[in-house]
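Since the structure comes first, as structure tokens, the remarks are kept for the end.
If you're wondering where the values come from, they're calculated on a predicted model, not measured in any experiment. Labels below follow one simple rule: chain letters A, B, ... track the order of the sequence lines, proteins then strands, and each chain is numbered from 1. Just the heavy atoms: all of them, side chains too, but no hydrogens, waters or symmetry mates, feed the values below.
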There are 2 protein chains.
Amino acid sequence: MNKVFKALSDPTRRQVLQLLRDKPMNAGELAEHFSVSKPTMSAHFTVLREANLVDASKVGKSVIYRLKLSVLEDALLAFTGAIGLELNTEKNTTSQRDTP
Amino acid sequence: MNKVFKALSDPTRRQVLQLLRDKPMNAGELAEHFSVSKPTMSAHFTVLREANLVDASKVGKSVIYRLKLSVLEDALLAFTGAIGLELNTEKNTTSQRDTP
DNA sequence: ACAACATTTAGATAATTAGCTAAATATCAA
DNA sequence: TTGATATTTAGCTAATTATCTAAATGTTGT
């Protein structure tokens, strides 16, 4: 969990996760969204990978990064649980109903 | 929000928040739970204060720290919202009912 | 006023971090 | 095989961070 929070402590990395929420992207595509050099971005990717927040797979010349939402979720749940914080981020409160 | 995540990136500080979940505590009491010096703890308190995660009030010789749960909650909601992550940390799923 | 106590500030250091450029590695196409 | 492209590694630097000890500040009781 510590690595996750360390990873989340940098705004660039949080924004990378946000970009990956929509779809997997390769390193270059991701880097285009930021004004820092590619090696710097590569270092950020390493931090995210070591926190297990993203998954990297090489396809041809590119490395595709993919968000691992469940790892993020688990870390946040562990933390909110430890703090005793009840977060409800659900979009609608109208109760789920079985197919009638 | 950035300051909140920076504050959360240190395990000592996360644990301080956890201790404060139960009750407000003064600096010395908090420091007793950790194996670092009091000045070091004081620096951690400063970071937490600047992130607005705790509130400090001097009472006599002591400074009482109090958790500001709502600030933590807001930051986490902003983040999970940005990522599109739906966390539900509620303890029971049984619906709240009006007094019958 | 003084001593005891609680906490913070000052000042220092070692470790970590985010950033850079240049070079290395890997893949693909011609 | 050579060249182009994508990404990472190496090596560096400046800034930040966590830590320490010693000293300063503020508060209370005698």
Side-chain angles (χ1 to χ4, degrees), chain A residues 1-20 22-68 72 75 79, chain B residues 1-20 22-68 72 75 79:
Chain A
M1 183 170 94
N2 196 29
K3 280 190 176 180
V4 171
F5 276 97
K6 278 270 162 47
L8 295 181
S9 73
D10 183 277
T12 297
R13 288 191 293 262
R14 288 198 303 276
Q15 219 179 314
V16 168
L17 297 180
Q18 209 173 131
L19 288 168
L20 291 178
D22 294 328
K23 60 175 191 308
M25 291 174 77
N26 61 49
E29 260 181 296
L30 284 169
E32 279 173 11
H33 290 79
F34 300 88
S35 51
V36 299
S37 72
K38 284 173 178 187
T40 294
M41 288 306 295
S42 186
H44 283 308
F45 299 150
T46 299
V47 173
L48 291 171
R49 252 188 288 111
E50 289 182 348
N52 202 29
L53 286 169
V54 302
D55 183 276
S57 59
K58 185 150 192 176
V59 174
K61 281 182 277 194
S62 302
V63 175
I64 298 175
Y65 285 98
R66 188 178 307 269
L67 178 59
K68 290 172 79 172
L72 181 57
F79 177 64
Chain B
M1 185 171 90
N2 196 30
K3 280 190 176 179
V4 171
F5 277 97
K6 278 270 164 44
L8 295 181
S9 73
D10 184 277
T12 296
R13 287 191 293 261
R14 287 197 304 276
Q15 219 180 313
V16 167
L17 298 180
Q18 207 173 134
L19 287 167
L20 291 178
D22 293 329
K23 59 176 192 308
M25 292 173 76
N26 62 47
E29 260 180 297
L30 283 169
E32 278 173 12
H33 291 80
F34 300 88
S35 51
V36 299
S37 73
K38 284 173 178 187
T40 295
M41 289 306 295
S42 186
H44 284 308
F45 301 150
T46 298
V47 173
L48 290 171
R49 252 188 289 110
E50 288 183 347
N52 203 29
L53 286 168
V54 302
D55 183 275
S57 59
K58 186 149 192 176
V59 174
K61 278 182 279 194
S62 303
V63 175
I64 299 176
Y65 285 98
R66 189 178 307 269
L67 178 58
K68 290 172 80 171
L72 181 56
F79 176 65

Per Ala27(A) side chain, nearest of listed nucleotides dA18(C), dC20(D), dT7(D):
dT7(D)

Can a donor-acceptor pair be found, under 3.5 Å and without considering hydrogens, that links the side chain of Arg13(B) to the backbone of Lys6(B)?
yes

Spatial distance of atom CG (Leu17(B)) from atom NE2 (His44(B)) [nearest 0.5 Å]:
11.5 Å

Closest to the side chain of Ala43(B), out of dT19(D), dC20(C), dT21(D), is dT19(D)

Of all heavy-atom pairs linking Lys38(A) and Ala31(A), the shortest is CG-CB, 4.1 Å

Separation of atom NE2 in His44(B) from atom P in dT7(C), rounded to whole Å:
16 Å

Rounded to whole Å, how long is the line connecting atom CE of Met41(B) with atom C1' of dT17(D)?
15 Å

Whole-Å distance, Leu48(A) CG to dT8(D) P, equals 12 Å

Counting only side-chain nitrogens and oxygens, does Thr40(A) get under 4.0 Å of the OP1 or OP2 atom of dC20(C)?
yes

What is the separation between atom CG on Asn2(A) and atom P on dT17(C), rounded to the nearest whole Å?
10 Å

For Asn26(B) and dT8(C), give me the distance from atom CG to atom P, rounded to whole Å.
10 Å

Between dG19(C), dT8(C), dT19(D), which nucleotide has the shortest distance from any of its atoms to the side chain of Phe45(B)?
dT8(C)

Between Pro39(A) and Thr46(B), the residue closer to the 5' end of DNA chain C by nearest nucleotide is Thr46(B)

Going by number, which of residues 57-66 of chain A have a non-hydrogen atom under 4.0 Å from DNA chain D?
Lys61(A), Ser62(A), Val63(A), Tyr65(A)

Pair Asn52(B), Lys68(B) - check side-chain hydrogen bond (donor to acceptor under 3.5 Å, both in side chains), show working.
CA-CA 7 Å; Asn52(B) 203 29; Lys68(B) 290 172 80 171; 2.6 Å; yes

Ser37(B), nearest nucleotide to its side chain (from dT8(C), dT8(D), dC20(D))
dC20(D)

Could you check Lys6(A) against Lys38(A) and say which one's nearest nucleotide on DNA chain C is further toward the 5' end?
Lys6(A)

Along DNA chain D (nearest heavy atom to each residue), the more 5'-positioned of Arg13(B) and Ala56(A):
Ala56(A)

Length of the line joining Arg49(B):CZ and dT7(C):C1', which is rounded to integer Å:
10 Å

Are Leu20(A) and Leu53(A) side-chain neighbours, meaning at least one heavy-atom pair lies under 4.5 Å?
no

Counting N and O atoms only, with roles assigned by atom type, does the side chain of Arg49(B) sit under 3.5 Å from a partner on the main chain of Val54(B), one being a donor and the other an acceptor?
no

Take the protein atom CG of Asp10(B) and the nucleotide atom P of dT16(D), then report the distance between them rounded to whole Å.
17 Å

Parallel, tilted or perpendicular: ring planes of Phe5(A) versus Phe79(A), cut at 30 and 60 degrees
perpendicular

How long is the line joining CD of Glu32(B) and C1' of dC5(C), in whole Å?
13 Å

